[in-house]
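To start, the structure under review is shown below, and the notes come after it.
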Amino acid sequence: MEWFRLSEKPSISSSTYCAVLQLCGELKSLQDGKEVHSVISCNDVQINGILGTRLVFMYVSCGELSQGRLVFDQVVNEKVFLWNLMINEYAKVEDFAECVYLFQKMLNAGIAADSYTFSCILKCFAASGSVKNGEWLHGYLLKLDLAACSCSVVNSLLSFYAKVGRVESARKLFDELPQRDVVSWNSMISGYVANGGSEEGLEVFKLMVSSGVEIDLASASRVFEKTSERSVVSWTSMIQAYSRSGLLHDAIRLFHEMTMVSGKWEPDGRTISCILPACASLSALNMGRQIHCHVLRNGHHLSDDRHITNALVDMYIKCGALVLARSLFDTMIPSKDLVSWTVMIAGYGMHGFGKEAIRAFEEMRRDGIKPDGVSFISVLYACSHSGLVNEGWRFFNIMQKECKIEPSLEHYACMVDLLSRSGKLQMAYEFIKGMPIKPDATIWGALLCGCRIHHDVKLAERVAEHVFELEPENARYYVLLANIYAEAEKWEEVKELRVKIGRRGLKKHPGCSWIEVKGKVHVFVAKDGSHPEVRKIEALLRKVREGMKKEGFSPKLRYALMNGDDLEKEMALCGHSEKLAMGFGILNLPPGKTVRVMKNLRVCRDCHEMAKFMSKTTGREIILRDSNFFHHFKDGSCSCRGFW
DNA sequence: ATAGGGTTAG
C-alpha cells in the first residue's frame, strides 16, 4: 500500500476505492482496509452508498463490528442490503436487542424489509424467545400477503414457532406451504424432535422420503408431466406410484431423471441429523439402521460429515448397541471432535461402564481436546451411575481448578446424585446447603431418589418439603415420596399423599414398556391385560417366579406399593409393564436373540431381579432401557452392579 | 454481495 503515500497522488475514482475495499474485506486485511479508509477521509471523498457499503463490509469482515457500525451510522442508507448485512452481523454475535433496534429503525426510515431481513429477524426472535414479537411479525407478513413471501421467510417463521415450542403453529404453516424445500422439511422434523415429538418427527421424515402413495397412476402422471415446478414430493410420489404398480422401469427412469435434474431433493445431511435423535429417543434400532444405510449409499459426502456420524454413534448408544457405536466411533480417525467424545462418554455412563467413560475422557484430553461443561456432565454422571465417588470428586475439582469452568445446576445435580446413590445422604444434604447458586427441584429430587434407594424416610420428608415448594405441580415427586412410604410400609402416609395428589388434580404417568418384534412395536402398560398374548406371558412369568422361589429368591414385595396380603402384592408385581414386555420377547424372539425392552419410567427392583434370573435360565441377553439408564442382563447378573 | 434447517447433557 506504499503507493498511497506518494506525494504526487494519482487521481483515484470512487470505484477504485470500492474494488480495493472489497478485496481487503475478502482477504480480511484490516491494516490495508484502515489505510484506504484514511486515504478516503483525507481526500474528502464523499462516502456515498456503494462506497459506504464496501467500507462497512470491510470492517465487519475483519471482525471490527463496532468500527463498521460507526461508518454505517455516518452514511445515508437507503439500500436494504446494508441494513441486512448489519443486522446479520449483530445476530452472529447474538446481540439480538441491537438487531431488533436496527430493524425498527429501518422500518421507521421507510425502507422496505425483504426476505433476508425477515429471515434474520425471525431467527433473532426465536433465539431470544420473543414470542410476542414473532407473532407480531407473523401478522405483519400476513398483511403483506404471506402466500407471496418466499419459501425462506415462511421457513423462518416455521422454525421460529418450532423453537419457541409452538409445534402446532409450525405444522399449520408447513401444511399450508405451497412450495416446500428441503429446509422446510428439516425445520419441521427438528421442530417435532426438539419438542418431544419423536414419533411425529419420524412420520414427517417418512412422508418426506415417500409421500402421496394413494394416487391414481394415470391422472397422476398426467399432472406430473404438466407440472413445471416439481418438488421432492411430486418426484417421490410419482416414483412410488410407478413402483407400486409394478412399472419398475418407469420408476427407475424417473429416479434417474430426478437425481440428474434435481438431486437436491434427497434428504440431505441435515435431514439425517434431525431424524437420528428421534430414532435414538424411541430406541428404534431398525429405523436407525435403515438411515445409516442411506448414509452409506449416498457415499462419502454424508459419511464424512461429523454431525452425522456423531448423531449415528449417539443413536446406536441409545438403542443399546454399544459395541456398534464404539466401532463406528473408532472409524472417525482423526476427526473426532468434542461432541463425538462427549457422546461416547455419556454412552458408557448410560450403560454402566464408568471406568470406560473415565478412560475415554482421559483419552480425549490426551488428544488435545478441551472438555466443556457438557462433557463434564457426561463424565460426572458416568461416575455416579457406577458408584465411583472419589473419581467424581476428582473431576468436579479438575473442572473448576484446571479448566476454569463454573459448575452449573446440572453439575451440582450430578454430584448430589453421586453422593446420594452411594449412600452418603447426609453429605449430599450438606453439599446442597453449601451450594453458591439456588438449588432447583432436580437437585433436591436427586437426593430424594437417594433417600428411596437407602430407605431413609426421615430425611426424605425434609427433602420433599423443598421439592414440593419448588415444583408443587410435578406429580413425579409426590409419587416418589409415596413410594418411599410404601416401601417402609407406612400406609397411612401413602394414603394422605394420594389424597394430596388427587386434590391437586395431578396425573402420574402410567408405566409403559415396549419391544420391537418382527418389525412391529408391541406396547405394554402396567396392569393392562389387553395384549392378545397376555395369558401366555403371565403363565411364563409364573413359571419363572416358581423357579426363583426354588432357588431362594423371594419376590421383592416391598416394591409392590400396595397394602394387602403377599399374594395380592405378588400379583401386582407381575403386572409391571417391563415384565410383560420381557416375557413377550422371550416367547416370540428366536432363541439366542437379545431381548431389547424400553420403559418410560425407572425399572422396578423386583423386575430387575427377575430379569437377572431370566437371563440365566433362558440363556439370552436382555437389554432393558429405562428413562435414563441401560441394564445389560447376562448369565444372571446386570451391568449396573446395583448402582442405578 | 447479505438470510432460513443439524449432532452431545436431565
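Everything numeric in this text was worked out from a predicted model, so none of it was measured. Lettering of chains follows the sequences in order, A, B, ..., and the numbering in each one begins at 1.
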Value in whole Å for how far the P atom of B:dT7 lies from OH of A:Y316 = 19 Å

task = Would you check if there is a donor-acceptor pair between the side chains of A:S198 and A:S281 at a distance under 3.5 Å?
result = yes

ask   = What nucleic acid atoms does A:S159 come within less than 4.0 Å of, heavy atoms only: base, sugar-phosphate, or nothing?
value = sugar-phosphate

query = For A:Y381, which contact category applies under a 4.0 Å heavy-atom criterion: base, sugar-phosphate, or nothing?
reply = sugar-phosphate

ask   = Which part of the nucleic acid does A:I308 contact within heavy-atom distance under 4.0 Å: base, sugar-phosphate only, or nothing?
value = base

task = Tell me which nucleotide among B:dG6, B:dA1, B:dA9 gets nearest to the side chain of A:S378.
result = B:dA9

ask   = Should A:K123 be listed as having a side-chain N or O under 4.0 Å from OP1 or OP2 of B:dT2?
value = no

query = Which part of the nucleic acid, if any, lies within contact of A:G373, taking any heavy atom under 4.0 Å across all strands shown: a base, the sugar-phosphate backbone alone, or nothing?
reply = nothing

remark   = Quick note, A:N310 side chain, CB onward, closest among B:dT8, B:dT7, B:dG10 is B:dT7

inquiry  = Between the side chains of A:R326 and A:E356, is the shortest nitrogen-to-carboxylate-oxygen separation below 4.0 Å, so that they form an ion pair?
reply    = no

query = Side chain of A:D305, base of B:dG6: donor and acceptor closer than 3.5 Å?
reply = yes

task = Please name the residue in the list A:F376, A:W341, A:Y348 that meets the ring pair (Phe, Tyr, Trp, His ring centres under 6.0 Å) test with A:F361.
result = A:F376

task = Measure from the side chain of A:R54, starting at C-beta and using heavy atoms only, and say which of B:dT7, B:dA1, B:dA9 lies closest.
result = B:dA1

Closest to side chain of A:E410, choosing from B:dA9, B:dT8, B:dT2 = B:dA9

query = Judged by modelled atom types alone, do A:D337 and A:N310 share a side-chain donor-acceptor pair under 3.5 Å?
reply = yes

request  = Would you kindly give the CG-to-P distance between A:L82 and B:dA3, to the nearest whole Å?
outcome  = 14 Å

ask   = Given atom CZ of A:F57 and atom P of B:dA3, what is their separation to the nearest angstrom?
value = 10 Å

request  = Figure out the NE2/P separation between A:H292 and B:dT7, and round it to whole Å.
outcome  = 18 Å

request  = Would you kindly give the CE-to-P distance between A:M350 and B:dG10, to the nearest whole Å?
outcome  = 7 Å

message = In this structure, is the centre-to-centre distance between the rings of A:F160 and A:H138 below 6.0 Å?
response = no

note = Which of B:dT8, B:dT2, B:dT7 is nearest the side chain of A:T342? It is B:dT8

key: Presence of donor-acceptor pair under 3.5 Å, side chain of A:S152 and base of B:dA3   = yes

query = Roughly, in whole Å, what's the span from CZ in A:R602 to C1' in B:dG10?
reply = 11 Å

request  = Measure from CG on A:L141 to C1' on B:dA3 and round the result to the nearest Å.
outcome  = 14 Å

inquiry  = Within the 4.0 Å heavy-atom criterion, would you say A:C414 contacts the bases, only the backbone, or no part of the nucleic acid?
reply    = nothing

task = Figure out the NZ/C1' separation between A:K318 and B:dA9, and round it to whole Å.
result = 8 Å

inquiry  = Tell me every residue that passes ring-ring contact (aromatic ring centres under 6.0 Å, His included) with A:F353, counting only those two or more places apart in sequence or in another chain.
reply    = none

task = Look at all strands and tell whether A:K163 reaches a base, only sugar-phosphate, or nothing, counting heavy atoms closer than 4.0 Å.
result = sugar-phosphate

key: Touch class at under 4.0 angstrom, heavy-atom based, for A:V339 against every strand present   = base

request  = Among the candidates B:dA1, B:dT7, B:dA9, find the nucleotide nearest to the side-chain atoms of A:T53.
outcome  = B:dA1

request  = Tell me whether the OP1 or OP2 atom of B:dA3 has a side-chain N or O from A:N88 closer than 4.0 Å.
outcome  = yes

request  = With heavy atoms under 4.0 Å as the rule, sort A:C120 into base, sugar-phosphate or nothing.
outcome  = nothing

inquiry  = Which nucleotide wins on minimum distance to the side chain of A:P277, given the candidates B:dA9, B:dT8, B:dG6?
reply    = B:dT8

key: Per A:S273 side chain, nearest of listed nucleotides B:dG10, B:dG6, B:dT2   = B:dG6

task = Identify whether any heavy atom of A:K92 sits under 4.0 Å from a base atom; if not, whether one sits that close to sugar-phosphate; answer base, sugar-phosphate or nothing.
result = nothing

remark   = Against the side chain of A:S190, the closest entry in B:dT2, B:dG6, B:dA9 is B:dG6

query = Are side-chain N/O atoms of A:D417 and A:S420 paired as donor and acceptor at under 3.5 Å?
reply = no

